[in-house]
A.B. asks: 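Supplied in structure tokens, the structure appears directly below.
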There are 2 protein chains.
Amino acid sequence: MIHAGSISNTDRVEPHLLRTFVTVAALGSFSAAARQLGYTQSAVSQHIAALEGDLGVALLHRRPVEPTAAGQRLLDHAGPILRRMEAARADIRRAAGEPPGKVVLGGCPLALAGRAARALAEARRSLPGLEVSVRTAARDAVVGGVALGEIDLGLVDGIVAPSDPLRLHDADFLATAPVAEEPVALALPGEHPLATRSSVRLRDLADANWLDAPGIAAPLGELRAAAGTDDLRSALRYEGGDTRTLLSLVAEGHGLLLLPASALAGVQGVRAVPVSAPRLVHRTELVHGRTLGAAVSALAAALTR
Amino acid sequence: MIHAGSISNTDRVEPHLLRTFVTVAALGSFSAAARQLGYTQSAVSQHIAALEGDLGVALLHRRPVEPTAAGQRLLDHAGPILRRMEAARADIRRAAGEPPGKVVLGGCPLALAGRAARALAEARRSLPGLEVSVRTAARDAVVGGVALGEIDLGLVDGIVAPSDPLRLHDADFLATAPVAEEPVALALPGEHPLATRSSVRLRDLADANWLDAPGIAAPLGELRAAAGTDDLRSALRYEGGDTRTLLSLVAEGHGLLLLPASALAGVQGVRAVPVSAPRLVHRTELVHGRTLGAAVSALAAALTR
DNA sequence: TTATCTTACGAGAACCGTAATGATG
DNA sequence: CATCATTACGGTTCTCGTAAGATAA
């Protein structure tokens, strides 16, 4: 339990000041921030002055407007703080409002296709009245959507060591449940020299060219962490969310990719080679708020079954 | 990058209102909270009314004063939000103020004794001017101290699967570095029936009596998570921070304990039996803010070497 | 009653817009 | 000199304390 006295005086760093600061830093301009936020330039100036006065440090250089070192540290905190305040609001709405009949299911492309789509079909058969929307998005967007209550159930995925949980940012306060783990495979164009191998080790691919597709596959940085390898270079970055397009980039030899084996089964022009070491799996988890309506928990149960 | 427009109107949930709410909930009384915070009862009442009005939900039952469901959700968020606001302040101080000559090293007892104490000795020999304070505390207190800038370097430990990072709460924004991993052993009184075994498996100990010593050893909940076992019962809880006392409780047969093997070497009346499965290690990590002064980084380097 | 929360009201502070001033390229 | 940030000023709103009212034990 938190002793009530443990929280001392944090006042004067009020959220609207943080919001203004974030906006000014993002736009690099007081006047542009004022326009965007519906304030006067003067008000924005006063906001920043209030923050700087309270903290006793300059947060922004002027002309050009750029964060100082201290300002950068505040920026690192301000986003998460503001997001969490909105998450609190969303959570309260969930706890207070009656649960909606309509359920929004969000997920990363690889998490949502296949297995989950099948489970969703079953669930809808057994819950005939259930109205569902489905949307795909990148992982952070899914987690953010769940945090803000825009998504009731999120399916997120990633590549980790077996039975390791996914490491989600800003999601301490959300509940997660494992859904599936499956082997990963290296995706190669059919005519690639390695395409005939029965298995490969990631360490042997240090100087290969990787495709970076953070909207669909595990971002390279995460892959480095999971693999323990430090250098995975990427020559081409795919920023969209369509798996078929991404696979055709692989087929045309734009780079290698690590994907769940099932996503590669029967894809034209792409060869899947099992990865023997390090031992990695493609893991899918369900993420949701801690207060679930009846319809949502029924669907959650179906998806984790 | 965050689009500046992505942060909408979170106003009216101001930190001082949250602080009042947390205090009222903790004390179960408006008037007690008012006394503690230096407000009038009236002001406290108005604070709560403002929050409830803004959120459109009752947050507290009155007589007796207890959080509603919605209030409980807000409580879950309020603490982390307020702590992070203080962490932001501390971080800014660190970035702005000139680095102090004095370094505060905090750590959990098991993380700090032995290896780290030795490394600290070496570091102080090679940095003669360095003034250091050392303090031990439970893990959350160490992490919190680092977050608030009261501790420059924290050494925390825990029991996890090999090469897994420790899972620290509310510490996304702190930097961590692995320091050491060593085998864990089961601590038993000398005359315990298992004391002669050459190794044990945790699953065989499901109905043993464990000592819960969250200030020193891994809390039972964490152990359950790491071991995958669901039921580890505890009959006695040690709430202090003195390792010798804890070990004497083990020697007197008050319960079993999982500790790093080195902590058990040569302890009177305590037998250490290696744990064969699941594969677990005692891991030590260094945790610190992202802006380090020269003295602090020198010490950090010595401790992670 | 008595302890406790709520409401009414008013003085002072805070906030933000208008407008004038200052700085920079 | 044009653009942009800061400062001065004042009306409006907000905040919190005093004090009176309401309510449950």
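Hydrogens, waters and symmetry mates play no part in the numbers below; they use all other heavy atoms, side chains included. Because the structure is predicted, anything quoted here is derived from the model rather than measured. Throughout, protein chains are lettered first and strands after them, A, B, ... in sequence-line order, and every chain is numbered starting at 1.
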A.B. asks: Looking at the side chain of A:Ser45, which of D:dC16, D:dT7, D:dC4 is the nearest nucleotide?
C.D. replies: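 Nearest to the side chain of A:Ser45 among the choices is D:dT7.
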
A.B. asks: Rounded to the nearest 0.5 Å, how far does CD1 of A:Ile81 lie from CD of A:Glu86?
C.D. replies: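 If we round to the nearest 0.5 Å, A:Glu86:CD and A:Ile81:CD1 are 13.0 Å apart.
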
A.B. asks: Could you tell me the separation between the CG atom of A:Leu60 and the C1' atom of C:dT24, rounded to a whole number of Å?
C.D. replies: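 Taking atom C1' of C:dT24 as the reference, CG of A:Leu60 is at 17 Å.
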
A.B. asks: Measure centre to centre between the rings of A:His47 and A:Tyr39, then say whether the value is under 6.0 Å.
C.D. replies: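 Yes - the distance between ring centres of A:His47 and A:Tyr39 falls below the 6.0 Å cut-off.
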
A.B. asks: Which nucleotide, D:dC4, D:dG17, C:dC16, lies nearest any side-chain atom of A:Arg63?
C.D. replies: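 Minimum distance to the A:Arg63 side chain belongs to D:dC4.
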
A.B. asks: Ignoring hydrogens and angles, answer whether the base of D:dG17 and the side-chain atoms of B:Gln46 contain a donor-acceptor pair closer than 3.5 Å.
C.D. replies: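 Checked by distance alone, the answer is yes.
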
A.B. asks: Rounded to whole angstroms, how far apart are CD on A:Glu66 and C1' on D:dA5?
C.D. replies: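 To the nearest whole Å, that distance equals 16 Å.
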
A.B. asks: If you assign A:Pro64 and A:Val44 each to the DNA chain C nucleotide with the nearest heavy atom, which residue ends up on the more 5' nucleotide?
C.D. replies: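 First, find each residue's nearest nucleotide; the 5'-ward one identifies A:Val44.
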
A.B. asks: A:Tyr39 OH to D:dC4 P: how many Å, rounded?
C.D. replies: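 For the pair A:Tyr39 OH and D:dC4 P, the rounded distance is 21 Å.
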
A.B. asks: From CD of B:Glu14 over to P of D:dC14, roughly how many Å is that when rounded to an integer?
C.D. replies: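 Interatomic distance, CD of B:Glu14 to P of D:dC14: 11 Å.
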
A.B. asks: Between C1' on D:dA22 and CZ on B:Phe30, what's the gap in Å once rounded to a whole number?
C.D. replies: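 For the pair B:Phe30 CZ and D:dA22 C1', the rounded distance is 14 Å.
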
A.B. asks: Tell me whether B:Thr68 contacts the main-chain N or O of B:Gly71 through its side chain, where contact means a donor paired with an acceptor under 3.5 Å.
C.D. replies: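 Side chain of B:Thr68 to backbone of B:Gly71: a pair is present.
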
A.B. asks: Given atom CD of B:Gln41 and atom C1' of D:dT15, what is their separation to the nearest angstrom?
C.D. replies: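 So the CD-C1' distance, B:Gln41 to D:dT15, works out to 17 Å.
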
A.B. asks: Roughly how many Å is it from CD1 in A:Ile48 to P in D:dT7, rounded to a whole number?
C.D. replies: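 In whole Å, D:dT7 P and A:Ile48 CD1 are 13 Å from each other.
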
A.B. asks: Name the closest nucleotide to the B:Val65 side chain, picking from D:dG17, C:dC5, C:dA23.
C.D. replies: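 Minimum distance to the B:Val65 side chain belongs to C:dC5.
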
A.B. asks: Note down the inter-axis angle between the two ends of the helix from C:dT1-D:dA25 to C:dG25-D:dC1, five pairs each, to the nearest 10°.
C.D. replies: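 Comparing the first five pairs with the last five, the axes sit 30° apart.
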
A.B. asks: Considering every strand and a 4.0 Å limit on heavy-atom distances, what is the contact class for A:Gly38: base, sugar-phosphate, or nothing?
C.D. replies: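 Sugar-phosphate, no base atom in range.
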
A.B. asks: Distance-only, no hydrogens or angles: does the A:Glu52 side chain make a donor-acceptor pair with backbone N or O of A:Leu60 under 3.5 Å?
C.D. replies: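 Confirmed, A:Glu52 side chain pairs with A:Leu60 backbone.
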
A.B. asks: Which is it for B:Asp76 and A:Phe173 under the side chain to side chain contact (heavy atoms under 4.5 Å, CB included) test, yes or no, and what are the steps along the way?
C.D. replies: CA-CA 8 Å; B:Asp76 293 344; A:Phe173 52 91; over 6 Å; no

A.B. asks: Starting the side chain at C-beta, find the nucleotide from D:dA8, D:dT3, C:dC5 nearest to A:Ser42.
C.D. replies: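 It is D:dA8.
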
A.B. asks: Please classify the nucleic acid contact of A:Thr40 as base, sugar-phosphate, or nothing, using heavy-atom distances under 4.0 Å.
C.D. replies: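 Counting heavy atoms under 4.0 Å across all strands, the contact made by A:Thr40 includes a base.
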
A.B. asks: Is the backbone of B:Thr23 close enough, under 3.5 Å, to the side chain of B:Gln36 for a donor and an acceptor to pair up by distance?
C.D. replies: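 No, the answer is negative, given that no donor and acceptor are paired below the 3.5 Å cut-off.
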
A.B. asks: Among C:dT4, D:dC4, C:dC16, find the nucleotide with the atom closest to the side chain of A:His47.
C.D. replies: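 The answer is C:dC16.
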
A.B. asks: Supply the atom-to-atom distance A:Arg139 CZ to A:Leu168 CG, rounded to the nearest 0.5 angstrom.
C.D. replies: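 Those atoms lie 5.5 Å apart.
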
A.B. asks: I'd like to know if B:Arg62 reaches the base of C:dT6 with its side chain such that a donor and an acceptor end up less than 3.5 angstrom apart.
C.D. replies: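 Checked by distance alone, the answer is no.
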
A.B. asks: Salt bridge or not for A:Arg84 and A:Asp172, using N-O below 4.0 Å?
C.D. replies: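 No.
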
A.B. asks: In whole Å, what is the span from the CG atom of A:Leu17 to the C1' atom of C:dC15?
C.D. replies: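 Taking CG of A:Leu17 and C1' of C:dC15, I get 10 Å after rounding.
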
